[in-house]
Amino acid sequence: MLDQPVDAASSSVPDPTRQVRPSNASEPGFSTPLLGARSTIGKSLLIKGEITGSESLYVEGKVEGSIHLPGDHVTVGRNGRVSASIAARDIIVLGAVLGSCEASDHLDIRSEGSLYGDVLVSRISVEDGAFLTGSIDIRRESALEAVEHDQAEFLQVN
């Protein structure tokens with residue numbers, strides 16, 4: 001038995017290319033797609049500073065500063081406490097946000113969420129029981145549509 005070859009495929013080392021379903025994907029209100037990259041700030045973490053990048057973010061801890069993910073989703077979970085300005089394509093608030101929010105597509109404040117700050121959005125939804133204090137500026141077209149429209153006009157002029 002000791003002289004038998006070990007099959008490398010049957011080893012207990014996990015395959016880094018295998019897609020694994022995130023553990024919090026089954027939480028109610030979780031709407032970040034499983035296919036894209038997503039980072040999570042856990043309950044016990046406190047981040048101070050600027051968060052930028054090109055992947056979605058799920059916040060269960062505390063963030064102080066700014067979050068700038070213009071092409072992605074930012075979800076503030078039920079335990080999340082964000083004292084920051086947020087700029088993203090889609091923003092979902094289940095916890096508490098103190099700061100301005102700019103969503104190029106959609107801002108969704110769920111029933112247990114609260115947002116204290118000014119909002120600049122294309123679309124907004126606020127569930128019964130949610131708390132919102134601040135000004136709301138709703139754009140007629142999303143930032144992506146505006147850029148495409150401007151590029152089309154520029155090409156027609158030239």
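Heavy atoms only: backbone and side chains are in, while hydrogens, waters and symmetry mates are out. All residue numbers in this chain count up from 1 along the given sequence.
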- Message: Applying side chain to side chain donor-acceptor pair (under 3.5 Å) as the test, list every pair that has at least one member in residues 79-88; sequence neighbours left out.
- Response: Glu60-Asn79
- Linking Ile, Leu, Val, Met, Phe, Trp and Tyr through side-chain heavy atoms less than 4.5 Å apart, which residues share a cluster with Leu120? none
- The salt bridge (Lys or Arg N to Asp or Glu O under 4.0 Å) partners of Asp108 (sequence neighbours excluded) come to Arg110
- Query: Can you tell if the side chain of Leu107 reaches within under 4.5 Å of the side chain of Val119, non-hydrogen atoms only?
  - Reply: yes
- Nearest-0.5 Å distance, CG of residue Leu57 to CD1 of residue Ile41: 4.5 Å
- Task: Mind checking side-chain hydrogen bond (donor to acceptor under 3.5 Å, both in side chains) for Glu55 and listing every partner two or more places apart, or none if nothing turns up?
- Result: Ser39
Table please: side-chain donor-acceptor pairs of residues 44-54 below 3.5 Å, with sequence neighbours left out.
none

- Non-hydrogen atoms of Ile91 and Ala103 that approach each other most closely: CD1-CB, 4.0 Å
- Item | Any pair counted as ring pair (Phe, Tyr, Trp, His ring centres under 6.0 Å), so long as it reaches residues 83-108, sequence neighbours left out | none
- Message: For Ser135, give me all partners under side-chain hydrogen bond (donor to acceptor under 3.5 Å, both in side chains), at least two apart in sequence or on another chain.
- Response: Asp118
- Apart from Phe131 itself, which Ile, Leu, Val, Met, Phe, Trp or Tyr residues share its cluster (side-chain heavy atoms under 4.5 Å, direct or through members)? Leu98, Tyr116
- Message: Enumerate the salt bridge (charged side-chain N to carboxylate O under 4.0 Å, His left out) contacts for residues 82-91, please, sequence neighbours excluded, ordered by first and then second residue.
- Response: none
- Task: Would you mind listing every salt bridge (charged side-chain N to carboxylate O under 4.0 Å, His left out) that reaches into residues 95-104, with sequence neighbours excluded?
- Result: Glu102-Arg139
- Query: Do the non-hydrogen side-chain atoms of Ile124 and Ile138 ever get within less than 4.5 Å of each other?
  - Reply: yes
- Which residue pairs satisfy the salt bridge (charged side-chain N to carboxylate O under 4.0 Å, His left out) criterion with at least one member in residues 120-129, sequence neighbours excluded? Asp105-Arg123
- Message: Just verifying a value: how many Å separate Leu94 CG and Tyr58 OH, rounded to the nearest 0.5 Å?
- Response: 6.0 Å
- Looking at SG of Cys101 and CD1 of Ile136, how far apart are the two atoms once the value is rounded to the nearest 0.5 Å? 11.0 Å
- Task: Report the residue from Val63, Ile67, Val97 that forms a side-chain contact (heavy atoms from CB on, under 4.5 Å) with Val74.
- Result: Ile67
